[in-house]
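Numbering of residues begins at 1 and proceeds along the displayed sequence. We count ligands from 1, going down the list as the structure has it; atoms in each ligand are counted the same way.
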Amino acid sequence: MMDRREILDWLRCTDSQQLERLWQQADRLRQEQVGDAVHLRGLVEISNHCARACHYCGLRAANQAIGRYRMSEEEVFACALAAQHLGYGTLVLQSGEDDGIKADWLAGLIRRIKNATPLALTLSLGERSDDALAAWREAGADRYLLRFETSDRALYRAIHPDRGSRVSDRIAILGKLRALGYETGSGVMVGIPGQRYETLADDLLLCRELDLDMIGIGPFIAHPQTPLWQAQSPLSAEDQVPPTIDMTCKAVALARILRPDANIPATTAVAVMNASLGRELALRRGANVIMPNLTPPQYRELYAIYPGKADRIETAEAGDNQIRAQVLALGRTVGSGPGGRSGRSDTERQSPEPGPVPPVSLKIAVCMGSSCFSRGNNGQTIETLRHCVEAAGLVPEITGHLCENLCTQGPHVTIGDTLYSNVQASCFAELLRHHLASGKEGIDG
Ligand code: SF4
């Protein structure tokens with residue numbers, strides 16, 4: 001297990017020979033854990049309306065210099081058919097935080113796409129109400145992406161103000177998404193003005209702790225019509241993380257080492273910073289996903305999160321050809337099927353396994369006494385526990401019982417025969433890993 005000190009050493013490392021070891025380790029783990037397939041996920045930017053005021057993003061509500069659009073149901077559906085036609089396994093619907101995208105409208109569209117195509121559906125629509133998230137999951141959405149951007153709360157609030165009285169807590173929303181059964185994706189920006197190396201190390205550790213299914217990492221790029229355009233960092237050059245391709249690749253490689261089986265995209269921002277090499281470098285250093293842009297050309301320039309984002313490729317087919325050529329030139333293959341958490345393509349999954357593996361169950365008892373319940377041991381926590389155990393490849397046997405009589409140290413969870421105190425759902429994945437690594441009792445073959 002790589003610790004914070006080691007992560008910091010890598011983030012500060014400038015020796016290209018040593019860094020070669022990091023790239024090789026990340027690439028080897030990528031190959032072992034998720035295979036050679038690069039999954040293509042068709043991206044459709046369905047609306048550039050946004051109610052938020054993020055200090056770096058061109059879609060912020062205060063930016064009146066861009067025209068706004070919201071795609072119609074028929075336009076989005078046509079993009080879904082295009083994604084299927086191009087052989088993609090996943091469609092990603094992305095927008096600003098647009099209250100004009102009504103929960104019912106999108107739920108109907110999700111059902112229509114799921115009925116007509118075999119596509120997995122990923123949503124990336126910002127911080128939406130619990131009811132909307134539940135309705136979209138029920139309609140068939142499979143995954144949700146919501147970047148927490150930085151683990152430093154003060155820095156986060158400085159660049160991503162609350163929306164009126166609505167306090168932004170993306171970590172809490174990620175927990176809800178998981179409890180709803182979404183595969184969850186999140187991630188960070190590299191080089192936010194005021195971001196220290198220690199902060200970036202904590203960001204990466206939080207990606208591990210959250211047991212993310214997908215980790216998106218891109219360099220910080222501010223839009224000209226925003227307060228952070230060409231902003232000076234309050235930190236010295238020695239302390240400030242630079243928003244460079246190399247630093248982003250280090251974060252990608254470290255994310256692969258910390259969460260070996262996650263899906264990690266070579267982000268568009270990396271490709272924008274270095275059009276000829278950015279994507280390739282990320283793919284060589286741990287990434288296994290690309291999101292080709294299927295947004296109709298007339299909208300692409302309007303989805304101006306940062307400058308230079310709208311690529312010049314006019315058609316989905318032309319972009320697809322270019323990306324496939326890039327993937328094949330790297331000696332990799334293009335993935336088939338939805339490419340979920342296991343990361344392996346459907347073709348790879350069909351290869352014969354070495355032999356039958358007996359099901360293994362893990363007994364977990366959750367204290368449901370009133371004190372533990374009020375401290376967090378509720379139905380949502382149980383869903384999180386169940387998901388974490390299943391993600392570890394085990395069959396959960398979860399029971400509730402009444403009181404451990406240790407109320408001041410709750411909430412309590414017993415794994416096998418070991419009682420754990422102060423257990424928070426957000427840390428359970430990490431606790432489970434430690435429990436299993438320690439070889440403690442409680443696993444039944
Ligand atoms: S980063 Fe997202 S939430 Fe913030 S202004 Fe841009 S689109 Fe809106």
Closest heavy-atom pair and its distance - Asn288, Ala262: OD1-O, 4.1 Å

Check: Ser151/Asp202 side-chain N/O donor and acceptor closer than 3.5 Å: no

Nearest to atom 4 (Fe) of ligand 1, what protein heavy atom do you find, and at what distance? Cys54 SG, 2.3 Å

Sub-4.0 Å atoms of ligand 1 with respect to non-hydrogen atoms of Arg60: 5 (S)

Closest non-hydrogen protein atom to atom 8 (Fe) of ligand 1, residue and atom name please, with distance? Cys50 SG, 2.2 Å

Which of Arg147, Arg163, Arg52 passes salt bridge (Lys or Arg N to Asp or Glu O under 4.0 Å) with Glu127? Answer is Arg52

Numbered in order shown, the ligand 1 atoms found under 4.0 Å of a heavy atom of Gly96 are 7 (S)

Please confirm whether Arg170 makes a cation-pi placement over Phe148, using NZ or CZ under 6.0 Å from the six-membered ring centre and within 45° of the ring normal. no

Within a distance under 4.0 Å of any heavy atom of Tyr56, pick out the atoms of ligand 1 and give their elements. 1 (S)

Arg112 bridged to Glu74 by N-O distance under 4.0 Å: yes

Could you find the nearest protein heavy atom to atom 6 (Fe) of ligand 1 and give me its residue, atom name and distance? Cys57 SG, 2.3 Å

